Amino acid sequence: MEKVKLIKDRLLTAQSRQKSYEDVRRRDLEFDVEDWVFVKVSAMKGVMRFGKKGKLSPRYVRPYKIIRRIGKVAYGLDLPSELEAVHPVFHVSMLRKCIGDPSRITPIGDIHIAEDLSYVEVPVAILDRQVRKL
């Protein structure tokens, strides 16, 4: 019985040590109402999501606005009508905070790419001009 008690004590000490190491890196995620968050897309093998398949498929998709908090770890999001089949409540582990103003994100549809995957940048305006004599 003494050996069993000694083993249990040592296991408890090791567990406590490992927990203290992990608690240093752990941070509690918490969002406010009206914050913008990205939603994590679960990876499924062979499933094409958001136009990409496999490794190149996005891990998180566009920002959504939090409209209410449900309990300590669940949040209700303002989803568009295309996602009406998806339940609007997500666990905090499925969300990532969107830093910056989501209205400044350029939609992918506005970028025009040619058949050979080339992209041409067109300047909108010339802001400054300088003439140098060599």
Side-chain angles (χ1 to χ4, degrees):
M1 291 305 286
E2 290 177 21
K3 293 276 188 187
V4 172
K5 184 167 176 48
L6 180 66
I7 291 170
K8 283 185 179 180
D9 288 343
R10 288 186 179 170
L11 276 174
L12 189 63
T13 304
Q15 287 174 346
S16 175
R17 185 180 317 116
Q18 291 298 322
K19 185 178 181 327
S20 68
Y21 293 155
E22 185 60 31
D23 285 346
V24 169
R25 298 185 66 217
R26 179 174 289 145
R27 58 186 167 89
D28 294 330
L29 289 177
E30 193 169 314
F31 303 110
D32 297 325
V33 176
E34 303 291 321
D35 277 353
W36 290 84
V37 292
F38 292 108
V39 176
K40 188 174 196 175
V41 179
S42 59
M44 295 176 74
K45 192 171 186 175
V47 175
M48 191 164 171
R49 303 242 173 136
F50 302 99
K52 303 260 190 246
K53 183 176 179 181
K55 287 195 316 186
L56 298 177
S57 65
R59 303 292 187 265
Y60 293 89
V61 291
R62 59 181 266 208
Y64 298 104
K65 194 176 198 178
I66 295 177
I67 53 175
R68 69 180 188 274
R69 183 175 179 167
I70 303 161
K72 290 185 176 181
V73 293
Y75 293 92
L77 301 182
D78 184 23
L79 297 178
S81 60
E82 305 97 50
L83 296 176
E84 64 185 17
V86 178
H87 196 274
V89 177
F90 292 89
H91 190 266
V92 71
S93 64
M94 299 293 288
L95 305 174
R96 178 172 283 182
K97 188 168 182 116
C98 174
I99 299 173
D101 186 13
S103 64
R104 307 229 18 199
I105 295 175
T106 305
I108 294 175
D110 292 349
I111 301 172
H112 303 290
I113 299 175
E115 289 290 327
D116 61 349
L117 298 179
S118 63
Y119 173 69
V120 179
E121 285 191 29
V122 180
V124 176
I126 298 173
L127 299 177
D128 191 18
R129 184 178 211 152
Q130 185 178 19
V131 177
R132 289 190 179 188
K133 211 173 201 186
L134 298 176

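Predicted model only: the values in this text are computed from it and were never measured. Reckoned from all heavy atoms, side chains included, excluding hydrogens, waters and symmetry mates.
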Flag the pair [X] / [Y] as yes when at least one side-chain heavy-atom distance between them is below 4.5 Å, and no otherwise.
X	Y	result
F90	V73	no
V39	Y60	no
R96	K40	no
D32	I66	no

Look up atom [atom1] in [X] and atom [atom2] in [Y], then write down how far apart they are to the nearest 0.5 Å.
X	Y	atom1	atom2	value
R62	C98	CZ	SG	11.5 Å
E30	K97	CD	NZ	10.0 Å
D9	L12	CG	CG	7.0 Å
I7	E2	CD1	CD	12.0 Å
D78	E34	CG	CD	9.5 Å
T13	K8	OG1	NZ	14.0 Å

Name all residues meeting the ring pair (Phe, Tyr, Trp, His ring centres under 6.0 Å) criterion together with F31; count only those two or more places apart in sequence or in a different chain, and write none if there are none.
Y75
Closest approach of Y64 and P80, non-hydrogen atoms and distance?
CE2-CD, 3.4 Å
Within the distance-only criterion (no hydrogens, no angle test), does the side chain of R69 pair as donor or acceptor with the backbone N or O of K72 below 3.5 angstrom?
yes
More than 12 heavy atoms of other residues, nucleotides or ligands under 6.0 Å from CG of L6: is that the case?
yes
Residue that, paired with L77, satisfies side chain to side chain contact (heavy atoms under 4.5 Å, CB included) out of L95, V89, I67, V86:
L95
